[in-house]
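Only one structure is covered here, and it is reproduced in the block below.
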Amino acid sequence: MPRKLTSGVRARPAPKEPQRPSALRLWLRRRRPMLRPAAKAAALLGLFGVAAMGVASLDPASKLSAIFDRASSGAAARAGALRVTEVRIEGARNTTPAMLREAIGVRAGDPVLAFAPQTAKERLESIPWIESAEVQRHLSGLVLVRLRERAPFAIWQNNGRFAIIDREGRTVATDRLDAFGPLPLVVGAGAEKTAAPLYDLLKQAPDVLARTQALVRIGERRWNLRLHSGTDVMLPEGHEDAALQRLAELQRGNQILDRPLQVVDLRLPDRLVLRGATAPEQPPAAARARAGRSG
């Protein structure tokens, strides 16, 4: 049975029914796990933006660019100031100064960095006299050239032409033949390539060498010695050493090279062939007069 209400007592209101959350609140509640990282990222971006604005106000990029430009222009100025002050050449004796200047291709006042040492080296070594070259470039302005020249060995005569050759037979000069002192004379095709070993053998027989005027190559196979007296000494092919020793012994014992001979033939190891000089022909009148006196 319901309880009666007494007068003066206020009745409690009935509890309200719970209200349903709005759609926005439900959407935010579902995306709360995603919103927290996004908020942190937004905060970081904001900080970066503030920092970028501060850095931009300082303008370090333009300052660094200005420093780099000043350094580059300074380096360019210093590079432009590097000039050749001296070209020093060592070891040149027979190569003409004009040929050297043309091959080196640089002179005082030219830019140092524009000079190519390897190119100069190749041009120098193309000169007949020069066997090898070393070229150095120094930032101080010095260009140093060290040369090794070929040594003149002999005068080579072939087909009426004369040339100075080295021991390997390379032609190093065709003029000023008398500018290199007394040199042996080698004659004939192939003589320039093969004369050095024979000349070395001759130096071991000084009496024979002193009387030798020329080393004559015969048929590109063997040698004759032409003496100052006009005598021809015929040497065997491939056995020059033994023949020269034999000739030196004959000279010491019999002075064979001082006799009026036309030919000394040493081509046979067990035989010596001598041919006397031919008497000069006399005019017929002189011959008849001599015949009359004898009659």
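Remember, predicted model here, so these are calculated numbers, not experimental data.
When only modelled atom types and interatomic distance are considered, S132 and E125 share no side-chain donor-acceptor pair under 3.5 Å.
Using a 4.5 Å cut-off on side-chain heavy atoms (C-beta onward), I130 and L100 make contact. The shortest side-chain heavy-atom distance between L266 and M234 does not fall under the 4.5 Å cut-off. Annotation: side chain of P111 is not in contact with side chain of L113 (no heavy-atom distance under 4.5 Å). A 4.5 Å side-chain heavy-atom check between D207 and L247 finds every atom pair outside the cut-off. The side-chain heavy atoms of V143 and Q136, taken from C-beta on, include no pair separated by under 4.5 Å. Contact of the V233 side chain with the L244 side chain is not registered, since no non-hydrogen atoms from C-beta on lie closer than 4.5 Å. Inter-residue side-chain proximity for N94 and F180 is flagged as met; some heavy-atom pair is nearer than 4.5 Å. Contact check for L202 versus L215: side-chain heavy atoms found under the 4.5 Å cut-off.
The backbone N or O of G141 sits nowhere less than 3.5 Å from a side-chain atom of R83 that would complete a donor-acceptor pair. In terms of modelled atom types and a separation under 3.5 Å, the side chain of T231 and the main chain of L227 share no donor-acceptor contact. Judged purely by atom type and a 3.5 angstrom limit, T95 has no side-chain atom pairing as donor or acceptor with the backbone of A92. R217 places no side-chain N or O within 3.5 Å of a backbone atom of A191 that could act as its donor or acceptor partner. Although no hydrogens or angles enter the test, the distance criterion places a donor-acceptor pair under 3.5 Å between the side chain of K121 and the main chain of A133. Side-chain atoms of Q251 come within 3.5 Å of backbone N or O of L257 as a donor-acceptor pair.
Atoms CG and CD, from L144 and E86 in turn, are 8.5 Å apart once rounded to the nearest 0.5 Å. The line from NZ of K193 to CH2 of W156 is 8.5 Å long, rounded to the nearest 0.5 Å. Between atom CZ of residue R146 and atom CZ of residue R88 there is a gap of 8.5 Å, rounded to the nearest 0.5 Å. The structure places CG of D175 at 14.0 Å from CZ of F162, a figure rounded to the nearest 0.5 Å. The CG atom of L183 sits 5.5 Å away from atom CD1 of I164, with the distance rounded to the nearest 0.5 Å. Put simply, CD1 on I165 and CZ on R150 are 12.5 Å apart, with the number rounded to the nearest 0.5 Å.
Residue L124 comes nearest to A103 through the heavy atom pair CD2-CB, 3.6 Å, listed as atom of the first residue, atom of the second, then distance. The two residues L147 and I89 make their nearest non-hydrogen contact at CD1-CG2, 3.9 Å. The two residues Q213 and L185 have their closest heavy-atom pair at O-CB, 3.7 Å. Heavy atoms only, all atoms of each residue included: A195 and V186 are closest at CB-CG1, 3.4 Å. Across all non-hydrogen atoms, the minimal contact from P117 to R137 is CG-CB, 3.8 Å. Scanning both residues, I256 and V264, for their nearest heavy atoms gives CD1-CG1, 4.4 Å.
Heavy-atom neighbours of H228 NE2 from other residues, nucleotides or ligands within 6.0 Å: above the threshold of 12. The number of heavy-atom neighbours closer than 6.0 Å to CD of E168, taken from other residues, nucleotides and ligands shown, is above 12. When the shell of 6.0 Å around CG of D270 is examined, it contains more than 12 heavy atoms from other residues, nucleotides or ligands.
Hydrophobic clustering (ILVMFWY, side-chain heavy atoms < 4.5 Å, transitive): L274 and L225 are in one cluster. A chain of hydrophobic side-chain contacts below 4.5 Å, direct or via other Ile, Leu, Val, Met, Phe, Trp or Tyr residues, connects L272 to W223.
Within the structure, every pair that satisfies the ring pair (Phe, Tyr, Trp, His ring centres under 6.0 Å) test and touches residues 186-205, not counting sequence neighbours, is listed here: F153-Y199. Sorted by first and then second residue, the salt bridge (charged side-chain N to carboxylate O under 4.0 Å, His left out) pairs with a member in residues 238-259 read R211-D258; sequence neighbours excluded.
Residues D232 and R275 are not paired through a salt bridge, judged by the lack of any N-O separation under 4.0 Å between the basic side chain and the carboxylate. Ion pairing of R148 with E131 is present here, as a side-chain N (NZ or NE/NH1/NH2) and a carboxylate O approach within less than 4.0 Å.
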- Task: Applying side-chain contact (heavy atoms from CB on, under 4.5 Å), run through N158 and V187 and close with a yes or a no.
- Result: CA-CA 6 Å; N158 188 41; V187 182; over 6 Å; no
- Test side-chain contact (heavy atoms from CB on, under 4.5 Å) on F115 and I104 and set out the steps. CA-CA 9 Å; F115 173 63; I104 295 171; 4.3 Å; yes
- Task: In sequence, state the C-alpha distance, the side-chain angles, and the governing distance for V106 and V87, and then conclude on side-chain contact (heavy atoms from CB on, under 4.5 Å).
- Result: CA-CA 8 Å; V106 73; V87 179; 4.1 Å; yes
- I would like to know whether V263 and L261 meet side-chain contact (heavy atoms from CB on, under 4.5 Å); could you show each step before the answer? CA-CA 6 Å; V263 173; L261 298 173; over 6 Å; no
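By the salt bridge (Lys or Arg N to Asp or Glu O under 4.0 Å) test, E237 pairs with R221, sequence neighbours left out.
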